[in-house]
Amino acid sequence: MIDLRILRQDPEKARDAQRRRGAAPELIDEILSADEARRSAIAAFERLRAEQKSLGKQVARATGDDRAGLLERTKVLAVEVKQADTSQAEAETRFQDTMMQLPNLASPEAPAGGEDDYVVLEHVGEPRDFAAEGFEPLDHLELGKRLGAFDVERGAKVSGARFYYLTGVGAMLELALVQMAMERAQEAGFTPMIPPALVKPHAMAGTGFLGQAAADVYHLPDDDFYLVGTSEVPLAAYHSDEILDTSTLPRRYAAFSPCYRKEAGSYGKDTRGIFRVHWFDKVELFTYTTVEDSYAEHERLLQWEKEWLISLQLPFRVIDTAAGDLGMSAVRKFDCEAWIPTQGKFRELTSTSNCTEFQARRLGVRGRSEEGIKPLATLNGTACAITRTIVALLENHQQADGSVSVPKVLQPYLQGREVLTPIA
RNA sequence: GGAGGUGUCGCAUAGUGGCCUAGUGCGCCCGCCUGCUAAGCGGGUUGAGGUUAAUCCCUCUCGCGGGUUCAAAUCCCGCUACCUCCGCCA
């Protein structure tokens, strides 16, 4: 949700932001007319309600005929007040419904357009030249099989397509990555968290995942729970309906949680291996701060992600996501895409978004300062999405004999192993 | 899952249909007093919305949502969270 005053004062700016996302600019006008209807309904209700209250007091004091006369009037009023209250509530709901459809206003700095209109900001590291090294790289699935790192056949047998078991060294690799990510995040000032992965509707809606993204979200209808697609959800809702003293900001959290995604509309895409799955574990970074400080914090999150990938010795590029690919909540998003040798492409490993006030308004996360009380900004960024990180590590660090070298920083978390060797 | 109890302002509490415009204490903020501090004294102190140039003012907010009533913190129903007990369980 964005500040209604911006819409009222400069509707054209908001329409323009919609166009840059490839979304409907007419929504702005629907919101404004719903707002007008809402405000006049509120005024009508309040007028009647004020009269009812003042007459009610007279009734309490009056006796005899006076009282009977007043009661006649108040009985009529009671009906009118009820009607006005109902139509006021309806107008409010209509307004909220349209308002909740509106995505955050894309930053003017975010490139206009859709998924393919990103801008590459930089390249870090050099993809290996396997031809020069004299061997053909194996893809992560083949490497994983040889190392005994994961089992997708049995994943499919038990849970269906896009499921897997991490096995042996693969399971240890997850724990190593999680441990390392958590330690480094903690050193950078993030509080480690292990949040619930099942949340109620308001948390899901508040983070903006029940908009266009709703088709990708698992829902448990019996209990009206949602399975989170990222711990961004329980972290954003953590301080919902709270007022934080701005002197305690920024509040930085690093959460480890499973992530569940339907991957609707991705049939046939990335079906091989564990690159795109319905469930994976992830360490996520999350910050609450002021809107003014959010832009610098966004850079900090990106910096953390870059250093993480550099330390894992993965070649990658950073892209500035186009407005149409921002998701509902973000004003700007940077993705770090690692080079995947057998795909010959850069693929998303981490992503960091500045959601400014959007989620905070929906979730009632506010900050108190000398200037008063206002919504905070929320930001999120991937620390380590386990499965994709494993894919990138295996493919980029494979050796001619099918073994995989372990980046130096990760070795202490893997019993000091320098290399993962095929088991058969 | 079953039975019972509780939910009032940051905290603790008062409040069994109209004097509630929710009182009191603590905490906090401002001021007075004062060698300094403490005490004392006076005032302020939930949040949201409407209106406004801004103030004023008005409405909503006693866990949430309905209902009864001219009128609800107060009565009734549903939900939710917490506490106690029973059952089940890693």
Side-chain angles (χ1 to χ4, degrees), chain A residues 1-10 31-100 102 194-206 220-226 234 237-249 251 256-258 288 357-376:
Chain A
M1 196 167 8
I2 71 159
D3 191 345
L4 183 60
R5 280 172 302 185
I6 293 173
L7 264 50
R8 283 199 207 138
Q9 281 161 13
D10 196 354
I31 290 170
L32 289 175
S33 80
D35 174 50
E36 223 164 287
R38 160 185 158 270
R39 283 188 290 159
S40 75
I42 287 172
F45 164 74
E46 287 186 356
R47 213 179 313 114
L48 289 165
R49 177 64 180 152
E51 187 184 354
Q52 182 185 41
K53 284 178 72 166
S54 96
L55 287 186
K57 265 169 217 157
Q58 293 175 45
V59 170
R61 284 190 301 263
T63 50
D65 286 352
D66 286 350
R67 190 180 171 94
L70 279 170
L71 282 181
E72 214 160 297
R73 170 64 185 142
T74 51
K75 274 181 187 167
V76 177
L77 247 187
V79 175
E80 290 176 357
V81 165
K82 182 142 291 184
Q83 282 170 350
D85 190 19
T86 304
S87 45
Q88 180 250 111
E90 282 168 1
E92 181 69 38
T93 303
R94 257 198 309 280
F95 166 73
Q96 286 294 338
D97 285 350
T98 45
M99 192 66 176
M100 289 292 269
L102 183 69
I194 300 184
L198 241 46
V199 300
K200 296 199 278 187
H202 87 274
M204 215 62 191
L220 271 43
D222 284 354
D223 306 284
D224 207 10
F225 275 129
Y226 289 91
Y238 185 65
H239 287 300
S240 57
D241 297 318
E242 292 182 23
I243 300 175
L244 306 177
D245 198 306
T246 51
S247 66
T248 67
L249 301 175
R251 302 247 189 146
F256 170 69
S257 83
Y288 293 88
E357 301 178 338
F358 186 81
Q359 295 176 332
R361 278 184 183 277
R362 295 175 162 225
L363 290 165
V365 183
R366 291 160 293 169
R368 174 182 275 119
S369 67
E370 273 143 35
E371 291 100 73
I373 292 168
K374 51 182 185 181
L376 292 177

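Both backbone and side-chain heavy atoms feed into the values below; hydrogens, waters and symmetry mates do not. Chain letters run A, B, ... following the sequence lines, proteins first and then strands; every chain starts at 1.
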D224(A) CG - G65(B) C1' separation (whole Å): 16 Å
Whole-Å P distance, G65(B) and U13(B): 25 Å
Integer angstrom distance from the P of U6(B) to that of U16(B): 15 Å
Pairwise P distance, G43(B) and G25(B) [rounded to whole Å]: 11 Å
Interatomic distance where CG belongs to L55(A) and P belongs to U59(B) [whole Å]: 12 Å
P gap between A73(B) and U68(B), integer Å: 16 Å
Side-chain donor/acceptor of R361(A) to backbone N/O of P375(A), under 3.5 Å: no
Euclidean distance, I31(A) CD1 relative to E36(A) CD, rounded to 0.5 Å: 13.5 Å
Under 3.5 Å on both distances, the Watson-Crick or G-U partner of C11(B): G25(B)
For G87(B), the Watson-Crick or wobble partner whose two distances fall under 3.5 Å: none
Audit row: E80(A), R47(A), salt bridge (charged side-chain N to carboxylate O under 4.0 Å, His left out) steps and yes/no: CA-CA 11 Å; E80(A) 290 176 357; R47(A) 213 179 313 114; over 6 Å; no
Length of the line joining D222(A):CG and G1(B):P, which is rounded to integer Å: 12 Å
Below 4.0 Å: OP1/OP2 of G50(B) and any side-chain N or O of R49(A): no
Under-4.0 Å side-chain N/O to phosphate OP1/OP2 contact, R38(A) with G50(B): yes
Between Q96(A) and E92(A), a side-chain donor and acceptor under 3.5 Å: yes
I373(A) side chain, from C-beta outward: closest of G50(B), G47(B), C58(B): G47(B)
Interatomic distance where CZ belongs to R5(A) and C1' belongs to A53(B) [whole Å]: 15 Å
Sugar-phosphate only, base, or nothing, as touched by K82(A) at under 4.0 Å among non-hydrogen atoms: sugar-phosphate
Pairwise P distance, C75(B) and A14(B) [rounded to whole Å]: 15 Å
Complementary nucleotide of A53(B), counting Watson-Crick and G-U pairs under 3.5 Å: none
Atom-pair distance (CZ on R8(A); P on G49(B)), nearest Å: 10 Å
U69(B) versus C77(B) - spacing of their C1' atoms, nearest Å: 16 Å
Atom C1', compared across G27(B) and U46(B): separation rounded to whole Å: 15 Å
Between U80(B) (P) and D241(A) (CG): distance, integer Å: 18 Å
Phosphate contact (C20(B) OP1 or OP2) by K53(A) side-chain N/O below 4.0 Å: no
Partner nucleotide of A39(B) by Watson-Crick or wobble geometry (both distances under 3.5 Å): none
First of F45(A) and I42(A) reached from the 5' end of RNA chain B, by closest nucleotide: I42(A)
Atom pair CG (L32(A)) and CE (M99(A)), whose distance is rounded to the nearest 0.5 Å: 9.0 Å
Nucleotide G47(B), atom P - distance to NZ of K374(A) in whole Å: 16 Å
Same-atom distance (P) from U21(B) to C57(B), integer angstrom: 16 Å
Rounded distance (nearest 0.5 Å) linking atom CG of L7(A) with atom CZ of R5(A): 12.0 Å
L4(A) or I243(A), whichever maps to the more 5' nucleotide of RNA chain B: I243(A)
R362(A) side-chain N/O to M100(A) backbone N/O, donor-acceptor pair under 3.5 Å: yes
Gap between atoms CD and C1', on E370(A) and C30(B) respectively (whole Å): 14 Å
R366(A) side-chain N/O to A48(B) phosphate OP1/OP2 under 4.0 Å: yes
Watson-Crick or G-U wobble partner of A81(B), both distances under 3.5 Å: U6(B)
Q52(A) vs A71(B): side-chain N/O to OP1/OP2 distance below 4.0 Å: yes
